[in-house]
There are 2 protein chains.
Amino acid sequence: MAEWTLYEGDCIEVMKGLPEGSVDSVVTSPPYAMQRAKLYGGVPEAEYPAWTVAWMEQVRRILKPHGSVLINIREHIRNGEMSDYVHRTRLALREAGWIECDELIWMKPDAPPVGHPKRPRRSWERILWFAKDQQPYCDPKANGRFSDRIGVSLAGEGFKKWLAGASDLRSGIARCRDWVAVSPSQTDSRGHPAAYPRDLAAWMIRLITPPGGTVLDPFSGSGTTLLAAIQEGFSCIGIEKEPEYCEVIRKRMAELQPALPLAK
Amino acid sequence: MAEWTLYEGDCIEVMKGLPEGSVDSVVTSPPYAMQRAKLYGGVPEAEYPAWTVAWMEQVRRILKPHGSVLINIREHIRNGEMSDYVHRTRLALREAGWIECDELIWMKPDAPPVGHPKRPRRSWERILWFAKDQQPYCDPKANGRFSDRIGVSLAGEGFKKWLAGASDLRSGIARCRDWVAVSPSQTDSRGHPAAYPRDLAAWMIRLITPPGGTVLDPFSGSGTTLLAAIQEGFSCIGIEKEPEYCEVIRKRMAELQPALPLAK
DNA sequence: ATGAGGAATGAATCCCCAC
DNA sequence: GGTGGGGATTCATTCCTCA
């Protein structure tokens with residue numbers, strides 16, 4: 001039976017109290033350095049690699065041997081130059097013994113046109129994929145029966161051709177691609193400034209979590225990961241530092257299906 | 001008048017002989033470490049960052065001050081782990097004084113279902129973007145598409161500029177996104193094992209090359225960059241080490257438009 | 001109901017101007 | 001001069017109002 005638990009507190013401290021090997025996968029979107037620091041606290045760029053290694057060190061303990069971690073992030077641009085903290089963080093995680101499996105891409109077909117007007121619109125984000133060993137659990141067919149383009153209106157020539165060329169949609173279930181298109185406008189942010197869409201979370205969860213498994217999100221925010229996990233039939237452990245967002249999560253989960261066993 | 005030149009030889013040696021500031025942009029797809037070493041020589045992963053810094057050092061001399069470089073590449077996966085040489089190469093180029101502007105993505109909607117069957121199909125590649133300064137030439141509207149939303153909300157300054165007839169307002173062209181979808185099946189490889197499609201090259205060239213400017217491709221391969229540049233009205237300098245591929249390029253360019261002035 | 005049209009806004013980024 | 005706050009810019013989408 002799919003169950004969920006929410007812990008209020010700093011994720012490193014909370015994870016220290018969780019039992020070894022209790023989690024099948026981690027799906028999360030940590031703070032993007034100082035991008036929204038005033039709203040929910042941020043991590044300085046210089047400290048970002050070490051900070052990530054620190055919370056991932058706790059993840060290592062509670063993650064099962066073939067479990068893996070998907071991290072949604074993208075560096076910002078300042079004065080025309082891309083920040084390098086994500087590069088440095090990836091190398092630091094490798095240095096710390098994590099296996100970098102691959103990088104997946106979240107495409108945002110209708111991302112807001114904000115940003116530098118003399119540059120292309122920033123319309124994708126990274127999904128970093130790290131594991132404890134080189135053969136983590138992964139079921140690329142779990143997403144194979146879904147369209148690569150979730151929640152996107154199928155208007156425009158390019159999109160039609162795209163679908164027409166998708167031979168894998170005809171021959172039964174095929175492997176998913178290493179990118180997924182999800183409209184950010186589907187995001188139900190509930191006041192959280194940095195939420196991601198439910199369908200993106202569901203895609204990530206299905207990819208690396210065995211049936212009936214337990215997902216962890218150490219930076220739960222408005223709780224999208226928990227919501228998607230339960231809806232997809234997985235269990236989920238959420239951790240969130242801000243009491244205000246914890247309240248949002250409890251409310252959102254209660255709305256979802258009041259008949260389910262609630263928080264413990 | 002758009003012209004093209006092809007040099008046969010090692011790109012570092014050839015570039016040493018090219019005049020300073022003679023090139024507006026660089027668009028290329030260098031060898032991917034040892035991926036196809038047997039076919040056209042490869043660069044060991046350990047040496048890849050230094051090797052890239054070395055050829056980019058020559059690029060620096062011949063590139064104009066506001067010129068920039070687009071590099072198509074993606075690391076391979078071996079034994080379930082992604083190679084780290086691209087991460088290290090990016091940091092090495094930054095260390096060498098290059099400004100990393102951003103990363104663009106080439107999406108391949110119908111990439112062949114090769115690769116590990118227990119992993120998502122690899123269907124995108126990176127386009128690294130490096131420049132000499134923080135404000136390289138970039139025209140995101142060159143690849144843009146019509147939008148009827150441009151300049152809809154004209155408040156304050158914008159309204160005044162619109163009254164004054166500012167041409168960049170209400171132009172009807174929305175800027176391009178930072179990814180581009182091009183089918184790899186459009187590739188005309190002419191026997192070259194690592195060619196990229198013409199439309200991808202054209203997109204990259206238009207983004208960072210001023211009208212009538214000159215593009216350089218130090219790893220010309222089957223000549224797709226040269227072909228796309230000429231077709232789009234730019235001049236182009238190609239460099240290719242293998243005589244066999246130089247012959248392919250000459251033939252392809254001759255097919256394109258025999259009336260144009262040919263190789264010198 | 002239905003549709004046309006305006007307002008608000010979205011993990012942005014830059015420029016300008018106080019301190 | 002470095003730093004930090006405020007305003008302008010940008011366009012797809014949703015939501016709301018009103019004919």
Side-chain angles (χ1 to χ4, degrees), chain A residues 28-45 48 71-83 85-86 106-128 149-156 158-159 181-197 200-201 219-222 224-225 242 245, chain B residues 99 101-103 133-136 138-141 143-162 164 166-178:
Chain A
T28 194
S29 187
Y32 292 9
M34 303 300 277
Q35 290 289 90
R36 290 282 182 273
K38 277 171 219 148
L39 288 164
Y40 54 73
V43 180
E45 289 181 45
Y48 205 91
I71 301 173
N72 169 225
I73 196 166
R74 187 168 184 188
E75 54 275 75
H76 57 267
I77 290 177
R78 193 145 39 218
N79 294 327
E81 180 169 13
M82 190 177 137
S83 173
Y85 76 91
V86 175
W106 168 25
M107 287 214 319
K108 303 189 276 190
D110 56 350
V114 292
H116 195 315
K118 300 283 283 178
R119 291 283 182 89
R121 274 168 72 178
R122 285 163 68 85
S123 308
W124 59 270
E125 295 197 14
R126 304 182 192 283
I127 301 171
L128 309 183
R149 316 191 67 256
I150 300 171
V152 177
S153 64
L154 296 177
F159 295 166
V182 184
S183 170
S185 66
Q186 304 228 325
T187 304
D188 178 11
S189 70
R190 303 295 179 105
H192 193 276
Y196 61 174
L200 176 65
F219 305 97
S220 294
S222 60
T224 302
T225 308
E242 301 292 337
Y245 293 126
Chain B
I99 303 296
C101 302
D102 205 349
E103 176 172 345
D133 73 6
Q134 291 164 330
Q135 302 293 336
C138 173
D139 182 6
K141 296 202 174 192
N143 286 309
R145 55 205 176 82
F146 180 79
S147 166
D148 56 9
R149 295 304 190 105
I150 301 288
V152 161
S153 67
L154 286 177
E157 255 348 91
F159 183 68
K160 281 183 226 160
K161 287 203 310 203
W162 174 63
S167 61
D168 57 334
L169 295 174
R170 291 189 177 276
S171 64
I173 303 292
R175 47 196 224 277
C176 67
R177 298 186 175 96
D178 56 357

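Reminder, nothing fancy here: chain letters follow the sequence lines and each chain counts from 1.
With distances taken from any side-chain atom of A:Ser185 to the nucleotides D:dT13, C:dG10, D:dA12, the minimum falls on D:dT13. Taking only side-chain atoms of B:Ala174, from C-beta outward, the nucleotide of D:dA12, C:dT13, C:dA11 with the closest atom is D:dA12.
Taking the six-membered ring where the residue is Trp, the centroids of A:His76 and A:Tyr32 are separated by 6.0 Å or more.
In this structure, CZ of A:Arg119 is placed 8 Å from P of C:dC14, rounded to the nearest angstrom. Rounded to whole Å, atom P of D:dT10 lies 18 Å from atom CG of B:Asp178. To the nearest angstrom, P of D:dA12 lies 16 Å from CE of A:Met107. One atom, CG of A:Asp110, and another, C1' of D:dT10, lie 14 Å apart when rounded to the nearest Å. Computed from coordinates, the A:Arg78 CZ to C:dC14 P distance equals 9 Å when rounded to whole Å. Rounding to whole angstrom units, CD1 of residue B:Ile173 and C1' of D:dC11 are separated by 13 Å. If you take NE2 of A:His116 and P of D:dC11, they are 14 Å apart, rounded to a whole angstrom. Whole-Å rounding puts the A:His192 NE2 to C:dG10 C1' distance at 15 Å.
Nucleotide C:dA1 has no partner under the Watson-Crick or G-U criteria, as no pair reaches both atom distances under 3.5 Å. Across all strands shown, D:dT10 forms no Watson-Crick or G-U wobble pair with both distances under 3.5 Å. The base-pairing partner of C:dA11, taking Watson-Crick or G-U wobble contacts with both distances under 3.5 Å, does not exist among the strands shown.
Only one option out of A:Arg74, A:Lys108, A:Arg121 pairs with B:Asp178 in a salt bridge (charged side-chain N to carboxylate O under 4.0 Å, His left out); it is A:Arg74. A:Pro197 pairs in a side-chain contact (heavy atoms from CB on, under 4.5 Å) with only one of the listed residues (A:Asp188, A:Val182, A:Thr224), which is A:Val182.
Between the CD1 atom in A:Ile150 and the CE atom in A:Met107 there is a gap of 11.0 Å [rounded to 0.5 Å].
Listed pair B:Ser147 / D:dA12 meets the phosphate criterion, a side-chain N or O lying under 4.0 Å from OP1 or OP2. One finds a side-chain N or O of A:Arg122 lying less than 4.0 angstrom from the OP1 or OP2 phosphate oxygen of C:dT13.
Checking side-chain atoms of B:Arg175 against main-chain N and O of A:Pro113 turns up a donor-acceptor pair under 3.5 Å.
Residues A:Gly80 and A:Ser29 both approach DNA chain C. Their nearest nucleotides, taken by heavy-atom distance, put A:Ser29 toward the 5′ side.
Residue contacts shown for A:Pro184 are absent, as no nucleic acid heavy atom lies under 4.0 Å away. Residue-level contact check: B:Arg175 touches the backbone only, with heavy atoms under 4.0 Å from sugar-phosphate atoms and none from bases. Across all strands shown, A:Pro30 has heavy atoms under 4.0 Å from base atoms, whether or not it also approaches the sugar-phosphate.
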